[in-house]
Amino acid sequence: MKDYKALAEHYAESLSSLYDREESKQLFLMAYSFVTKKKAIQFVLENKQEVNEEAYQQFVYILDGLQAGRPIQHIIGEADFFGLRFDVNEHTLIPRPETEELADWIISAHKLEKELSILDVGTGSGCIAITLAKHLPSARVDAIDISADAIAVARKNATKLNVDVNFIEADILEWDLFMEQSQQYDIIVSNPPYITPKEQGHMHANVLQYEPHNALFVEEHNPLIFYATTVELAKQHLKDRGAIYFEINQYLSGQTIDLIRKKGFENIVLRKDLNDVERMICAKMGF
Ligand SMILES: C[S@@+](CC[C@H](N)C(=O)[O-])C[C@H]1O[C@@H](n2cnc3c(N)ncnc32)[C@H](O)[C@@H]1O
């Protein structure tokens, strides 16, 4: 029987054609944390312990999936986001670290405000909506997604994480058909699909193969359709001093800002993410 250290080594060797050593180590630690239900740091203290047969079989199952190119979050059915654990599956985008930065921006900017109302457009696993509901407890949060399967996962996540979010299955491109005229929000946030078909060539094969294409891609000829639509919605449903927050395509930051400005928003702030990439925008009507 192997100990955990030998198993970590076995992961690194078996995955060397797909991942570098550091990535393999991170994947092993995620598997370790999932199988043992312990924090990854515990591995350092217990790596000489023997792995029991049941746990070993789970490690083998996860490794088989990784060797087939599946993202580990799909194999174990979970992903961490902002210190919370979300269920994910093939119908939901795996939450990304840059989106955590967007959530962090909103929480820092609005944590002292009372009675916020928030709309999350394209909620997926519910990671943004649920994180905001958790960290801005006085907020009332609505969240929209076109995918019934994604909404089912998001609802389960909200229940598991003990927050109240109103999930709506709807096509945001038809917002004028279902939004109540009187509905007004302090914050409208969206991480919409924004990758153009031309950019597919730069993407990891496992993202292309396993993540939902309706969460990722837009048409080449109209890549900002979700931004244009959400800004139109905001013009009618954002309170006077409200703000919109977007995660954006780094290659289209200038065009995205132009679009938002042309639609009447004046106070626009562009932020880079931890990788120094232009990744998010906050816009308000007035200063
Ligand atoms: C990039 S994912 C973001 C998911 C999640 N908010 C996150 O940050 O991880 C975009 C989401 O928009 C949803 N979506 C795509 N087209 C839509 C539409 N027409 N109306 C509403 N949601 C849509 C997808 O199903 C997907 O869940």
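Positions are given from 1, in the same order as the sequence printed here. Since the structure is predicted, the reported quantities are computational estimates derived from the model, not experimental observations. Indexing begins at 1, ligand by ligand and atom by atom, following the structure's order.
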Which atoms of ligand 1 sit under 4.0 Å from any heavy atom of Pro193?
10 (C), 12 (O), 15 (C)

Do Glu247 and Tyr194 pair up side chain to side chain, a donor and an acceptor below 3.5 Å, judged on atom types alone?
yes

Less than 4.0 angstrom from a charged side-chain N to a carboxylate O is my criterion; do Glu46 and Lys38 meet it?
yes

From the options Asn191, Thr123, Thr229, select the one whose nearest heavy atom is closest to atom 3 (C) of ligand 1.
Asn191

Proximity of Ala170 to ligand 1 by residue part, where a heavy atom lies under 4.0 Å:
backbone

Kindly say whether the aromatic ring centers of His110 and Tyr245 come within a distance under 6.0 Å.
yes

So, is Asp145 polar-close to ligand 1, with some N/O to N/O distance under 3.5 Å?
yes

Tyr4 ring centre to Lys2 NZ or CZ under 6.0 Å, with the angle to the axis within 45°?
no

Check whether the ring centres of Phe82 and His135 lie less than 6.0 Å apart, and answer yes or no.
yes

Indicate yes or no: does Glu115 engage Lys239 in a salt bridge with an N to O separation below 4.0 Å.
no

When every non-hydrogen atom of Ala154 is compared with those of Gly124, the smallest separation belongs to CB-O, 3.5 Å

Under 4.0 Å, heavy atoms only, figure out whether ligand 1 is touched by the backbone of Ile128, its side chain, both or neither.
side chain

Taking CG in Asp164 as the centre, count heavy atoms belonging to other residues, nucleotides or ligands within less than 6.0 Å. Is the count above 12?
no

Under a 3.5 Å cutoff, is there a donor and acceptor pairing between the side chains of Ser16 and Glu13?
no

Atom 4 (C) of ligand 1 has as its nearest protein heavy atom Gly122 O, 3.4 Å

Residue-ligand contact Ser125/ligand 1, heavy atom below 4.0 Å
no

Within 4.0 Å of some non-hydrogen atom of Cys127, the atoms of ligand 1 are 7 (C), 8 (O), 9 (O)

Test of understanding: with side-chain contact (heavy atoms from CB on, under 4.5 Å), list the residues that count as partners of Ser190, not counting sequence neighbours.
Val121, Pro192, Phe246

Counting only nitrogen or oxygen atoms and a 3.5 angstrom limit, does Ile172 reach ligand 1?
yes

Once you restrict to heavy atoms under 4.0 Å, what part of Thr99 touches ligand 1? Side chain, backbone, both or neither.
side chain

Which of the atoms of ligand 1 are close to Asp171, meaning less than 4.0 Å from one of its heavy atoms?
18 (C), 19 (N), 20 (N)

Just to be sure I read this right, does ligand 1 sit under 4.0 Å from the backbone of Phe226, its side chain, both, or neither, counting only heavy atoms?
side chain

Closer than 4.0 Å to some heavy atom of Asn214 - which atoms of ligand 1 meet that?
15 (C), 24 (C), 25 (O)

Min N/O separation Ile146 to ligand 1 under 3.5 Å
yes

May I ask you to identify, for Ala215, whether its side chain, its backbone, both or neither come under 4.0 Å of ligand 1 on a heavy-atom basis?
both

Honestly, for Pro192 the part within reach of ligand 1 (heavy atoms, under 4.0 Å) is backbone

